[in-house]
J.: 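Questions regarding the structure given below will be posed in turn.
The first residue in the sequence is number 1, and the count goes up from there.
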Amino acid sequence: MFAGQLASCVSALAEDKSKPAPGSSQSHRTSKPTQSLPSAHVDIDTEHIFGFSMGSDIGNPGDIEVEFENVGAFGKHSGTYAAWANLNQVKYTVSDNFRIAPGFSLSGQHIKGVPGLANHRDIAFSGAALELRYKLVDRTVAPFGLTLHAQPGWSRIDDGSGMHIAQYGGEFAALFDSELIKDRLFAAFNVWYATGGTREMATNLWRHDSEMQLQTAISYVLTPDLVLGLGVRYARAYDGGALNRYVGDAVFAGPTFSYTISKEVGISGTWQMQVAGNAVGDGRSLNLEQFERHQALLRINLHF
């Protein structure tokens with residue numbers, strides 16, 4: 001009922017707007033010229049212009065996109081720590097409001113001399129996931145966009161430690177974005193919740209954990225093909241699948257970019273540093289127990 005009322009309010013507001021709605025949003029595709037940018041302007045798809053944060057755009061009905069997402073995590077209090085998580089997806093936009101994206105993941109670690117973690121160096125197939133997105137509010141006819149995200153998944157390798165596991169869980173998010181200055185300045189705000197149950201194969205013991213993140217980012221269209229910005233994330237980790245027992249938090253910040261190589265190929269990413277954090281029972285200024293000192297992202301998107 002709430003979703004229907006929200007959509008009705010947005011539709012009523014859209015009818016009062018004097019300016020026409022922008023053209024359809026499509027990742028890294030050309031669109032009609034606007035008055036704000038040169039005729040070579042590429043219509044901005046907001047999904048990947050905010051680094052780790054996500055925009056509300058999902059493409060046009062019938063769009064097919066292949067995405068390679070790579071996340072790197074680096075640095076603990078001591079020793080050598082580097083972890084890589086890769087998600088490969090095929091995205092298909094079913095309708096104006098709904099998209100589905102099955103995918104599989106790989107992971108790799110280089111861990112040596114880190115207290116609490118076994119020395120490990122390997123790359124392996126790590127699991128599979130199914131992403132579902134539903135656009136509840138269209139930013140082209142409303143002051144903001146809102147897309148709901150759900151991604152159930154299964155993992156056989158722990159991305160952080162490289163341990164063999166059997167993990168079942170999912171992540172859920174509300175993705176808001178808005179065009180602050182027409183064709184130039186965009187902002188996003190995300191609320192993320194992840195939960196899962198994990199069985200360690202070596203001990204056959206189960207554990208449950210969860211995480212909540214608040215994310216915000218702002219991005220500026222520097223040229224028709226290049227978008228630069230800044231992203232900030234606040235993450236809280238919990239022992240228990242329903243945000244039961246707080247164990248630590250962290251704040252990350254860093255620059256973001258999105259670059260259109262051609263109509264068919266785009267890249268985007270960010271490098272963020274932990275600027276504040278605390279682990280329960282640890283008086284040090286950063287939380288390098290549940291999180292890392294640096295986290296980086298690089299995506300490659302192919303459009304068909």
J.: I'd like to know if the side chain of Q167 and the backbone of I157 have a donor-acceptor N/O pair within less than 3.5 Å.
T.: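 Such a contact is absent between Q167 side chain and I157 backbone.
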J.: Would you check if the side chain of D225 reaches a backbone N or O of Y259 as a donor-acceptor pair within less than 3.5 Å?
T.: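 Not a single qualifying donor-acceptor pair exists.
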J.: So, H149 versus E171: side-chain donor-acceptor pair below 3.5 Å or not?
T.: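 There is such a pair between these side chains.
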J.: How long is the gap from CD1 on I123 to CG on L106, to the nearest 0.5 Å?
T.: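 So the gap between those two atoms works out to 8.5 Å.
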J.: In this structure, would V191 and V232 fall into the same cluster of hydrophobic residues linked by side-chain contacts under 4.5 Å?
T.: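 No, no single cluster joins them.
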J.: Quick one: does any side-chain atom of S56 pair with a main-chain N or O of D177 as donor and acceptor, under 3.5 Å?
T.: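 Not confirmed, S56 side chain does not pair with D177 backbone.
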J.: Are Q151 and L87 close enough that some pair of their side-chain heavy atoms sits under 4.5 Å apart?
T.: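 Yes. Closest side-chain heavy atoms under 4.5 Å.
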J.: What distance separates Q109 CD from D158 CG, expressed to the nearest 0.5 Å?
T.: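 Between Q109 CD and D158 CG, I get 7.5 Å after rounding to 0.5 Å.
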J.: For residues S219 and I49, report the shortest heavy-atom separation together with the two atoms involved.
T.: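 Nearest pair, atom of S219 first, then I49: OG-O, 2.6 Å.
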J.: Please answer whether the main-chain N or O of G240 pairs with a side-chain N or O of S210 as donor and acceptor at a distance below 3.5 Å.
T.: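 Yes.
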J.: State, to 0.1 Å, how close G241 and T195 come at their nearest heavy-atom pair, and which atoms those are.
T.: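 Scanning both residues completely, I find the closest heavy atoms to be O-OG1, 2.6 Å.
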J.: Taking the side chain as every heavy atom from C-beta outward, state whether V265 and N301 have any pair of such atoms under 4.5 Å apart.
T.: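 A side-chain contact under 4.5 Å is absent here.
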J.: Could you tell me whether the side chain of T216 and the main chain of A188 form a donor-acceptor pair under 3.5 Å?
T.: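 Pair found, side chain donor or acceptor close to backbone of A188.
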J.: Rounded to the nearest 0.5 Å, how far does CG of L302 lie from CD1 of I64?
T.: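 Rounded to the nearest 0.5 Å, the CD1-CG separation comes out at 12.5 Å.
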J.: Are the side chain of N119 and the backbone N or O of G113 linked by a donor-acceptor pair below 3.5 Å?
T.: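 Such a contact is found between N119 side chain and G113 backbone.
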J.: Quick one: do L286 and V275 end up in the same hydrophobic cluster if we chain Ile, Leu, Val, Met, Phe, Trp and Tyr together by side-chain heavy atoms under 4.5 Å apart?
T.: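 Different clusters: L286 never reaches V275 through Ile, Leu, Val, Met, Phe, Trp or Tyr contacts under 4.5 Å.
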J.: Rounded to the nearest 0.5 Å, what separates atom CE in M273 from atom CZ in F74?
T.: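 The distance works out to 12.5 Å.
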J.: Between S126 and S105, does any side-chain donor sit less than 3.5 Å from a side-chain acceptor?
T.: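 Present: a donor and an acceptor within the cut-off.
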J.: Are L175 and I218 grouped together when hydrophobic residues (ILVMFWY) are joined by side-chain heavy atoms under 4.5 angstrom apart?
T.: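 Per the 4.5 Å side-chain linkage, L175 and I218 are not co-clustered.
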J.: Quick one: CZ on F304 to CG on D63, what's the gap to the nearest 0.5 Å?
T.: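 The CG atom of D63 is 12.0 Å from CZ of F304, to the nearest 0.5 Å.
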J.: Can you measure from NZ (K112) to CZ (R121) and round to the nearest 0.5 angstrom?
T.: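 The NZ atom of K112 sits 9.0 Å away from the CZ atom of R121.
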J.: Does M212, at its CE atom, have more than 12 non-hydrogen atoms belonging to other residues, nucleotides or ligands within less than 6.0 Å?
T.: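 More than 12 heavy atoms, drawn from other residues, nucleotides or ligands, come within 6.0 Å of this atom.
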J.: For a 4.5 angstrom cut-off between non-hydrogen side-chain atoms, does E179 reach R139?
T.: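 Side chain of E179 against side chain of R139, heavy atoms only: contact under 4.5 Å found.
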J.: Which pair of heavy atoms, one from L297 and one from E69, lies closest together, and at what distance?
T.: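 Heavy atoms only, the tightest pair is CD1-CG, 3.5 Å.
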J.: Of F50, Y234, F189, W192, which meets side-chain contact (heavy atoms from CB on, under 4.5 Å) against Q215?
T.: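 It is W192; the other options fail the test.
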J.: Would the number of heavy atoms belonging to other residues, nucleotides or ligands and lying under 6.0 Å from CZ of R199 be above 12?
T.: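 More than 12 heavy atoms, drawn from other residues, nucleotides or ligands, come within 6.0 Å of this atom.
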J.: Should N278 and D249 count as side-chain neighbours, where that means a heavy-atom distance under 4.5 Å?
T.: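 Heavy-atom side-chain distance check passes, below 4.5 Å.
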J.: State, with a plain yes or no, whether a side-chain heavy atom of F52 is found less than 4.5 Å away from one of Q295.
T.: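 They are in side-chain contact.
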J.: Does the side chain of R293 come within less than 4.5 Å of L288's, by heavy atoms?
T.: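 In short, these two side chains touch, coming nearer than 4.5 Å.
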J.: Looking at I58 and T93, what are the two nearest heavy atoms and their distance?
T.: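 Of all heavy-atom pairs spanning I58 and T93, the closest is O-OG1, 2.8 Å.
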J.: Which pair of heavy atoms, one from M201 and one from A166, lies closest together, and at what distance?
T.: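 That would be SD-N, 4.0 Å.
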J.: I need the single residue from R299, R133, K135 that forms a salt bridge (charged side-chain N to carboxylate O under 4.0 Å, His left out) with E47. Which is it?
T.: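 Running salt bridge (charged side-chain N to carboxylate O under 4.0 Å, His left out) over R299, R133, K135 with E47 returns exactly one hit, R133.
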J.: Aromatic rings F125 and F104: how do their planes relate, parallel, tilted or perpendicular, breaks at 30° and 60°?
T.: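 Answer is tilted, since the angle falls between 30° and 60°.
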J.: Side-chain contact, heavy-atom cut-off 4.5 Å: L132 with Y134?
T.: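 No, too far: nothing below the 4.5 Å cut-off.
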J.: What are the two closest heavy atoms between Y246 and V280, and how far apart are they?
T.: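 Scanning both residues completely, I find the closest heavy atoms to be O-CG2, 3.6 Å.
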J.: Taking the side chain as C-beta and beyond, is there a heavy-atom pair between N190 and Q213 under 4.5 Å?
T.: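 No. Closest side-chain heavy atoms not under 4.5 Å.
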